[in-house]
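One structure below.
For clarity, every value in this text was computed on a predicted model and none was experimentally measured. Note on naming: letters A, B, ... go to the chains in the order of the sequence lines (proteins, then strands), and numbering restarts at 1 for each one.
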Amino acid sequence: MATPAVPGSVPVATPDPAEAPAPAPDAAAASAPALAPVPAPVPAPTPAPTSSPDPAAAASAAPGQTPASAPAPAQTPAQSLVGPALPGPFPGGRVVRLHPVILASIVDSYERRNEGAARVIGTLLGTVDKHSVEVTNCFSVPHNESEDEVAVDMEFAKNMYELHKKVSPNELILGWYATGHDITEHSVLIHEYYSREAPNPIHLTVDTSLQNGRMSIKAYVSTLMGVPGRTMGVMFTPLTVKYAYYDTERIGVDLIMKTCFSPNRVIGLSSDLQQVAGSSARIQDALSTVLQYAEDVLSGKVSADNTVGRFLMSLVNQVPKIAAEDFETMLNSNINDLLMVTYLANLTQSQIALNEKLVNL
Amino acid sequence: MASRKEGTGSGTTSSSSNTGAGGKGKGKGGSGDSAVKQVQIDGLVVLKIIKHYQEEGQGTEHTEDDAEFDEVQYQMEMMRSLRHVNIDHLHVGWYQSTYYGSFITRALLDSQFSYQHAIEESVVLIYDPIKTAQGSLSLKAYRLTPKLMEVCKEKDFSPEALKKGSITFEHMFEEVPIVIKNSHLINVLMWELEKKSAVADKHELLSLASSNHLGKTLQLLMDRVDEMSQDILKYNTYMRNMSKQQQQKHQYQQRRQQENMQRQSRGEPPLPEEDLSKLFKPLQAPARMDSLLIAGQINTYCQNIKEFTAQNLGKLFMAQALQEYNN
């Protein structure tokens, strides 16, 4: 463990307020438009917490308290008053696009945590876009946390990042994640560490303690707040979280999701016609939902919506109207092709089997 | 016990056919005395393999520095680091991606042999990204059969040795069934994701467009069959030469005997027996391992084709039903 433990009550806001925003506008030219909410130089945090609702504004309006306690109460009202999952999108905020592999890794590292650790933290890697940030990889970092101190093994984090860079050189450190429900003072400290690695890092929380009966996934970026001229505090502003999938990831996730339904959470991989059957079952479900909607509209339960109506029309028209004979010809030629190919494949297989026998005579 | 996989990016070839982005990995082998009856993998492993292929496939510039990428060292460091965060670091196997099902190569055989030699239960996972993109995850686990292991140990690939082991191409690799197991927390995560993410708008599995895929697979099959026929030709020539040589030896011996008899009748000393092997050089038997591999590969192609055509026939009949209803 390389990093010194720091008493958590030390006012976290003390590191130069100039330090935090200065890298932000300079470094990430790409994120410049999206960083509008972060006050460029020190002044007026009043416009800053654009996306957060009133409690945040109220907190920043009363910065007369000491900077030490400012971060703590300022943060908690911002989070707890808003309650469960904030609806997005947040105006002016960046969009964070997560891949499912990240969330699965986080949950997995939470399951492997050391005895007595309440939460796990780790680094997020990915790429930055003009308006969004795409997180594609992550790894966990060992850390110790107790009532008054936090120690993070930054050496380990650096090494892991180097290793990862060798395999995928495009990935940059985007921020860090933590499991758990709240943002604590230690989080602010750790965020400090990470702001040395990346400009304006993102903080992701995955609530594995399942408060409110759901695993809420939220992302934050830190913004300054406080009265200009006095010591600045730090606040976490929420960001919109979207999920990004590659096509193959979508299919993988669909498959993995099936374990939710099996009793011992185990599934095997299905074989050819079963997959077609599964797919058609899905379409059948979708169709029954659509039918239900149509019936509701007809019976007057739901008011008709023109856009939906247009979609329904295009859906029905998608079955192509072909004259019966033409369709027969097409169908038959396709079937013939497939049958011929199957025949060839079988023939080849028997040929090589024969060859094997002959050679071994 | 949950498990994890890490991948290394061993030099991706820049050729367009993008064969195996090979990686080393860890997983959990199932129970079984000496054989592995089942491979149980975490959902996380599946996601990581998919992601790895996706990133690798997007291709980075090949610079000079890549030559110094030390795979072994990377692996050692990675394992050490993973140990710090309590991740299972028992090396259980490796995974590889494949292009249209062509993965039975000499390289795979050698790698899997060295793995299986070192670790009894290791498996290789073959991930087919193109088939997966068509609608359903294609992930298979293979091991070498014990018979093949013995032959590889001897490093003797001559026809006699293979005949002794009675190895046919069907007995080279054995497929192990895979099951996916998730922990409860991951299940919770899946429910969350399902609620939040958009419905997949591409149902590739039900698409009727098949000719492209079929065409490519058939092309590969034809190439392999060509190679096979060349190989067979070589073997036939060898057999013919062998028998010709036998005949020649036989003739020579007979002539010798006749001469000796004549000499005896004339009272002269018989000619010394000459070493036949010096006169007739023994022919090299062609290595049979390559032809076994080709046969195995052809077999895999054929099975893939059959599976594909079965699916497509089903889809065509469904389309017919839909059309009939319309009319």
OH (B/Y74) and NE2 (A/H164) are apart, to the nearest 0.5 Å, by 6.0 Å
Tell me, out of B/I232, B/V225, B/V46, who's got the most heavy-atom pairs with chain A below 4.5 Å. B/I232
Chain A heavy atoms under 4.5 Å from B/Y301: which part of the residue, side chain, backbone, both or neither? neither
Relative to chain A, which segment of B/P177 carries a heavy atom at a distance below 4.5 Å: side chain, backbone, both, or neither? neither
Engaged part of B/M318 at the chain A interface, taking heavy atoms whose separation is under 4.5 Å: side chain
Derivation and outcome, side chain to side chain contact (heavy atoms under 4.5 Å, CB included), residues A/L338 and B/L214: CA-CA 9 Å; A/L338 290 175; B/L214 209 53; 3.9 Å; yes
Give, for atom CG of A/N159 and atom CZ of B/R80, the distance between the pair rounded to the nearest 0.5 Å. 9.5 Å
Separation of A/Q349 CD from B/K306 NZ (nearest 0.5 Å): 4.0 Å
So, taking the atom named CE in B/M222 and the one named CG in A/L344, what distance separates them when rounded to the nearest 0.5 Å? 10.5 Å
Run the numbers on A/S168 and B/H52 for side chain to side chain contact (heavy atoms under 4.5 Å, CB included), then give the verdict. CA-CA 9 Å; A/S168 26; B/H52 183 202; over 6 Å; no
Check against side chain to side chain contact (heavy atoms under 4.5 Å, CB included), A/H99 and B/L47: CA-CA 9 Å; A/H99 280 261; B/L47 288 176; over 6 Å; no
Supply the atom-to-atom distance B/L316 CG to A/L331 CG, rounded to the nearest 0.5 angstrom. 5.5 Å
Spatial distance of atom CD1 (A/I335) from atom CD (B/Q320) [nearest 0.5 Å]: 6.5 Å
Side chain, backbone, both or neither of B/L313 within contact of chain A (heavy atoms, under 4.5 Å): both
Step by step, work out the side chain to side chain contact (heavy atoms under 4.5 Å, CB included) result for B/L189 and A/I217. CA-CA 10 Å; B/L189 177 70; A/I217 300 166; 4.2 Å; yes
